[in-house]
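Worksheet: the structure to be examined is printed underneath.
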Amino acid sequence: MSRAYSPLPTPDRRPRPARLALTATCLAACVALLAGCGDDGGDGDGGDQASPTASATKASKAPSSPSQPGDSPSASGRLTDDQAERKALLPLARVDHAKAARTAVAKVPGGRLVDLELKGTGGDRDDKGTDDAPGDAGAADARAAGPSGTASPRARRAEWIAKVATKDGTAHRVRVDAGSGKVLDTTAEADQDGDDKRELAAQLSKARRTPEQAAKAATDAKPGTVTSVELGDDDAGALVWSVDVVTPRDWNKTTFAVDAVTGKVVGEHVDRD
């Protein structure tokens, strides 16, 4: 007697969602663990190895190195040697050019100012390495070496060096202490000949404007401190007063050419050195 069997139910072989999620999580953990081991392994000596991408990122974020001081002279704000000398000299001159001129002219009866210049003194040495003797007129030029409105770095005082001439053209040199206003010495120029005197007398006769008027014309054009006034011919042969003016805001020196007849400013040159 045969028996009929009903077929067994076929088991459901589709993975359940929870099982799929667990499997994916395990795989991800394994991948992460392997990646971490690779980073730590490096070259086998235990040192960290930065990936090329990480290195590039760090390099892009690194700040650029700042410019070094002195890369640009204009940006440094430092003075040139001449500017520094002018800055050191001017405070030593408590007597201005106008008072120095009056003092010098008063020492030469009937004299008129031809040249006046501010110099630094009291520290330079002569060729023998000895200090110039105070009041030594022969050594004054050595002590006063340097362009108008400048002083040696060791200058301890300032002088006005004036040239005053009489009507016949005889020139005298007068040194005036720029601190006290006292006359240090007066000497006649021994190297003048007859032609020199006649030429100087002719210039003084032709000049209709005084050095004070020329200095005012220059400082009206550019306010500053007058450090030199000189009568002479310019390149074109015109008689002019050359006036040096130092501006304390930048310690530059500007030379003005002032017509000695009309009193007008006819030229200007700025020395920025």
Side-chain angles (χ1 to χ4, degrees), residues 73-74 77-105 112-121 141 143-153 155 157-165 173-181 203-204 207-236 238-273:
S74 60
R78 291 182 295 180
L79 300 177
T80 66
D81 290 343
D82 286 346
Q83 290 169 339
E85 289 172 359
R86 294 177 195 126
K87 184 178 181 180
L89 175 64
L90 261 60
L92 301 177
R94 292 189 291 271
V95 175
D96 67 7
H97 73 283
K99 183 176 180 180
R102 292 192 298 269
T103 301
V105 169
R112 292 177 60 184
L113 186 71
V114 179
D115 188 359
L116 180 69
E117 192 168 5
L118 181 65
K119 296 284 190 176
T121 66
D141 287 335
R143 292 198 309 272
S148 166
T150 63
S152 73
R157 61 190 178 90
E159 293 180 2
W160 288 102
I161 311 298
K163 181 177 180 179
V164 181
R173 184 170 168 280
V174 184
R175 294 169 52 224
V176 179
D177 190 297
S180 65
Q203 288 179 331
L204 289 172
R208 293 288 181 264
R209 294 293 182 267
T210 66
E212 291 80 6
Q213 291 172 323
K216 185 178 185 305
T219 53
D220 284 347
K222 178 176 289 187
T225 301
V226 174
T227 58
S228 175
V229 183
E230 180 181 4
L231 182 65
D233 294 332
D234 64 8
D235 293 338
L239 186 64
V240 298
W241 287 102
S242 295
V243 184
D244 289 346
V245 178
V246 174
T247 45
R249 68 176 180 276
D250 52 19
W251 301 109
N252 289 335
K253 180 182 71 175
T254 303
T255 301
F256 291 94
V258 181
D259 191 295
V261 178
T262 66
K264 295 181 178 180
V265 175
V266 295
E268 176 181 350
H269 172 73
V270 181
D271 181 2
R272 294 184 172 86
D273 293 335

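For clarity, every value in this text was computed on a predicted model and none was experimentally measured. The figures that follow rest on heavy atoms only: side chains count, while hydrogens, waters and symmetry mates do not. For this chain, numbers begin at 1 and follow the sequence in order.
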Please report the shortest heavy-atom distance between [X] and [Y], naming the atom on each side.
X	Y	answer
V95	A100	CG1-N, 3.9 Å
G181	V176	O-CG1, 3.7 Å
P211	V229	CB-CG1, 3.7 Å
L113	D115	CD1-O, 3.4 Å
A178	L118	CB-CD1, 3.9 Å
G224	V245	CA-CG1, 3.6 Å

Measuring from [X]:[atom1] to [Y]:[atom2], what's the distance to the nearest 0.5 Å?
X	Y	atom1	atom2	value
R112	Q203	CZ	CD	11.0 Å
R157	L92	CZ	CG	10.5 Å
D234	W241	CG	CH2	14.5 Å
S228	I161	OG	CD1	11.5 Å
S180	R94	OG	CZ	8.0 Å
H97	D244	NE2	CG	12.0 Å

Result of checking K119, R175, R173 against E159 for salt bridge (Lys or Arg N to Asp or Glu O under 4.0 Å): R175
Pairwise side-chain contact, L239 with L231, heavy-atom cut-off 4.5 Å (strictly under):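 In short, these two side chains touch, coming nearer than 4.5 Å.
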Show every donor-acceptor pair shorter than 3.5 Å between a side-chain atom in residues 258-266 and any protein atom, with sequence neighbours excluded, or say none if there are none.
{"from": "D259", "atom 1": "OD1", "to": "V261", "atom 2": "N", "distance (Å)": "2.7"}
{"from": "D259", "atom 1": "OD1", "to": "T262", "atom 2": "N", "distance (Å)": "3.0"}
{"from": "T262", "atom 1": "OG1", "to": "K264", "atom 2": "N", "distance (Å)": "3.3"}

Pairing residues for T80 by the side-chain contact (heavy atoms from CB on, under 4.5 Å) criterion, not counting sequence neighbours: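 Result, side-chain contact (heavy atoms from CB on, under 4.5 Å) vs T80: D82, Q83.
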Working for side chain to side chain contact (heavy atoms under 4.5 Å, CB included), residues T255 and D271: CA-CA 8 Å; T255 301; D271 181 2; over 6 Å; no
All salt bridge (charged side-chain N to carboxylate O under 4.0 Å, His left out) counterparts of D220, not counting sequence neighbours: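 Partners of D220 under the salt bridge (charged side-chain N to carboxylate O under 4.0 Å, His left out) test: K216.
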Under 3.5 Å: donor-acceptor pair, side chain of R86, backbone of V246: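 Side chain of R86 to backbone of V246: no pair is present.
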Donor-acceptor under 3.5 Å (W160 side chain, T103 main chain): no
